[in-house]
Every structure is written in structure tokens, then in C-alpha cells.
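Working notes, beginning with the structure itself.
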Amino acid sequence: MLHHHDIETGQLAGAALTCRSRVAVGMTMMRRPEYAPVMDRHSELDLMAVAPAFRGRGVGSALVRAMEDRLRERGVRIWFGNATHDLETARLRESYTRHGLTVLPDSQPLPDLLGRSWVLPTAEQPAFHFYKQIMKG
């Protein structure tokens, strides 16, 4: 989890959480071995939020760059996530694209990454998926 605080006020301006996917954790807990080799090579962006007063000031960009740097240091090779319909999807689509993530068309399923499926079959369809291959530093 990362936090970004405003330098002048000390206020929390934004935060983000990226972690192992529920699919991989669930499969591993069920003793299904197919996800074990990629457990530490993927990360799912679970949450990112920027306080309204700080939007448009580079907070989201700083969080994305910092998360990607940390993931690279930890050996993660695929980073992915989705945006739900209740979010500002046009703004998010543009932002993720600007940061080099592949943003899929609306309702297109996430492709297999690292040779695995990362979407639960019962999951509600998000507005869109996105992903990025993280290159070694």
C-alpha cells in the first residue's frame, strides 16, 4: 500500500493498493499448483484513490510510478486490474494509457497473462481491464 501526502498541508492526497490476485491466492489455498510458479510474478491493482481536491495535480501519476517501481524491484512481471462502471472510466482509461498500460476496450475480457487466467468466472464484468508487462530494471 502506498500513501501520498500533500507537501504543504500534510493531508492525505491519495493512496493505492496492489497485491496478489484473489484467483491466485484462492487456487493456492485449494492446493491447486498451477498458480504457485507465478505467485510472486504478478500483482493486481486493487484500489487507487485520489482526494477530489488533489485531482489533476499529479498525485495519481506519482502513485502509479511508485507502485510500478516497487513491483519491478520485487520481480513482478505482470501488473493488471480493472475499472468498474461506477468510476470516472474515461478519465481512468486516459490515465492508464498515458502510463503505458494496455487498456482493453469496454467489456473485453482480460487475456491470459503469464499463462494463467486472472478473472473469477463468477466476477461481475467491469467497465474495462488493463495490464502492463513490467520489464526488469
Side-chain angles (χ1 to χ4, degrees):
M1 177 166 229
L2 291 175
H3 300 98
H4 185 90
H5 290 84
D6 182 62
I7 295 171
E8 295 174 12
T9 66
Q11 284 183 301
L12 179 63
L17 172 66
T18 187
C19 54
R20 293 177 175 147
S21 85
R22 291 174 287 173
V23 171
V25 172
M27 291 294 189
T28 301
M29 290 177 69
M30 293 184 333
R31 301 195 187 275
R32 301 226 2 227
E34 59 265 32
Y35 284 83
V38 295
M39 183 59 81
D40 293 326
R41 296 179 58 81
H42 80 279
S43 191
E44 182 174 10
L45 179 59
D46 193 46
L47 171 73
M48 187 163 80
V50 176
F54 295 98
R55 291 182 184 158
R57 295 172 49 187
V59 173
S61 294
L63 288 168
V64 168
R65 284 191 305 272
M67 283 187 292
E68 186 174 342
D69 288 346
R70 283 191 181 181
L71 294 172
R72 181 178 294 106
E73 290 169 6
R74 293 180 177 155
V76 169
R77 293 294 162 250
I78 291 290
W79 188 27
F80 61 91
N82 67 67
T84 56
H85 296 280
D86 60 325
L87 301 174
E88 296 177 41
T89 57
R91 187 176 183 161
L92 290 171
R93 180 181 296 284
E94 188 274 325
S95 179
Y96 292 140
T97 300
R98 189 174 66 246
H99 289 288
L101 286 94
T102 299
V103 177
L104 301 174
D106 287 354
S107 302
Q108 182 174 326
L110 187 67
D112 285 0
L113 303 168
L114 298 174
R116 310 297 188 283
S117 174
W118 300 99
V119 179
L120 294 168
T122 58
E124 184 176 329
Q125 182 66 26
F128 65 87
H129 291 279
F130 54 88
Y131 67 93
K132 183 173 189 174
Q133 183 175 357
I134 299 176
M135 306 308 275
K136 293 180 182 179

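All values below come from the heavy atoms of this structure, side chains included, with hydrogens, waters and symmetry mates left out.
Between atom NE2 of residue His99 and atom CG of residue Leu63 there is a gap of 9.5 Å, rounded to the nearest 0.5 Å. Put simply, CE on Met39 and CE on Met27 are 10.5 Å apart, with the number rounded to the nearest 0.5 Å. Between the CZ atom in Arg41 and the CG atom in Leu71 there is a gap of 12.5 Å [rounded to 0.5 Å]. The structure places CZ of Phe128 at 12.5 Å from CG of Leu110, a figure rounded to the nearest 0.5 Å. Here Leu17 contributes atom CG and Leu2 contributes atom CG; the two are 9.0 Å apart, rounded to the nearest 0.5 Å. If you take NE2 on His4 and OG on Ser61, they are separated by 10.0 Å, rounding to the nearest 0.5 Å.
Of all heavy-atom pairs spanning His3 and Ala15, the tightest one is CD2-CB, 4.1 Å. Of all non-hydrogen atoms in Ser43 and Cys19, the two that sit nearest each other are OG-N, 3.3 Å. Shown here for Asp40 and Val76, the closest heavy-atom pair between the two residues is O-CG2, 3.8 Å. Val23 approaches Ser117 most closely through the heavy-atom pair CG1-O, 3.6 Å. Closest heavy-atom contact between Met67 and Ala16: SD-CB, 3.4 Å. Taking each heavy atom of His42 and Ser21 in turn, the nearest pair found is NE2-N, 2.9 Å.
Although no hydrogens or angles enter the test, the distance criterion places a donor-acceptor pair under 3.5 Å between the side chain of Thr18 and the main chain of Glu44. Listed for the Arg93 side chain is a donor-acceptor partner under 3.5 Å among the backbone atoms of Leu104. Of the possible donor and acceptor atoms, none in the side chain of Thr102 sits under 3.5 Å from a partner among the backbone N and O of Phe130. The backbone N or O of Met135 sits less than 3.5 Å from a side-chain atom of Arg72, completing a donor-acceptor pair. In terms of modelled atom types and a separation under 3.5 Å, the side chain of Trp79 and the main chain of Ile134 share no donor-acceptor contact.
Each of Val103, Leu101, Ile78, Leu113 was compared with Lys132 under the side chain to side chain contact (heavy atoms under 4.5 Å, CB included) criterion, and only Leu101 meets it.
Leu12 belongs to no hydrophobic cluster with other residues, because no ILVMFWY side-chain heavy atom falls under 4.5 Å from its own, directly or through intermediates.
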Problem set entry | Check against side-chain contact (heavy atoms from CB on, under 4.5 Å), Trp118 and Tyr131 | CA-CA 11 Å; Trp118 300 99; Tyr131 67 93; over 6 Å; no
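Contact annotation: the side chain of Gln108 never approaches that of His129 to less than 4.5 Å [non-hydrogen atoms, C-beta and beyond]. For the pair Phe54 and Gln11, the minimum side-chain heavy-atom distance is below 4.5 Å. Using a 4.5 Å heavy-atom threshold, the side chains of Val64 and Met48 count as touching. Side chains of Arg116 and Pro37 form a contact here, defined as non-hydrogen atoms less than 4.5 Å apart.
Counting non-hydrogen atoms of other residues, nucleotides and ligands closer than 6.0 Å to CZ of Arg22 gives a total of 12 or fewer. For CZ of Arg74, the number of neighbouring non-hydrogen atoms (other residues, nucleotides, ligands) closer than 6.0 Å is 12 at most.
No continuous path of ILVMFWY side-chain contacts below 4.5 Å connects Tyr96 to Phe80, so the two sit in separate hydrophobic clusters.
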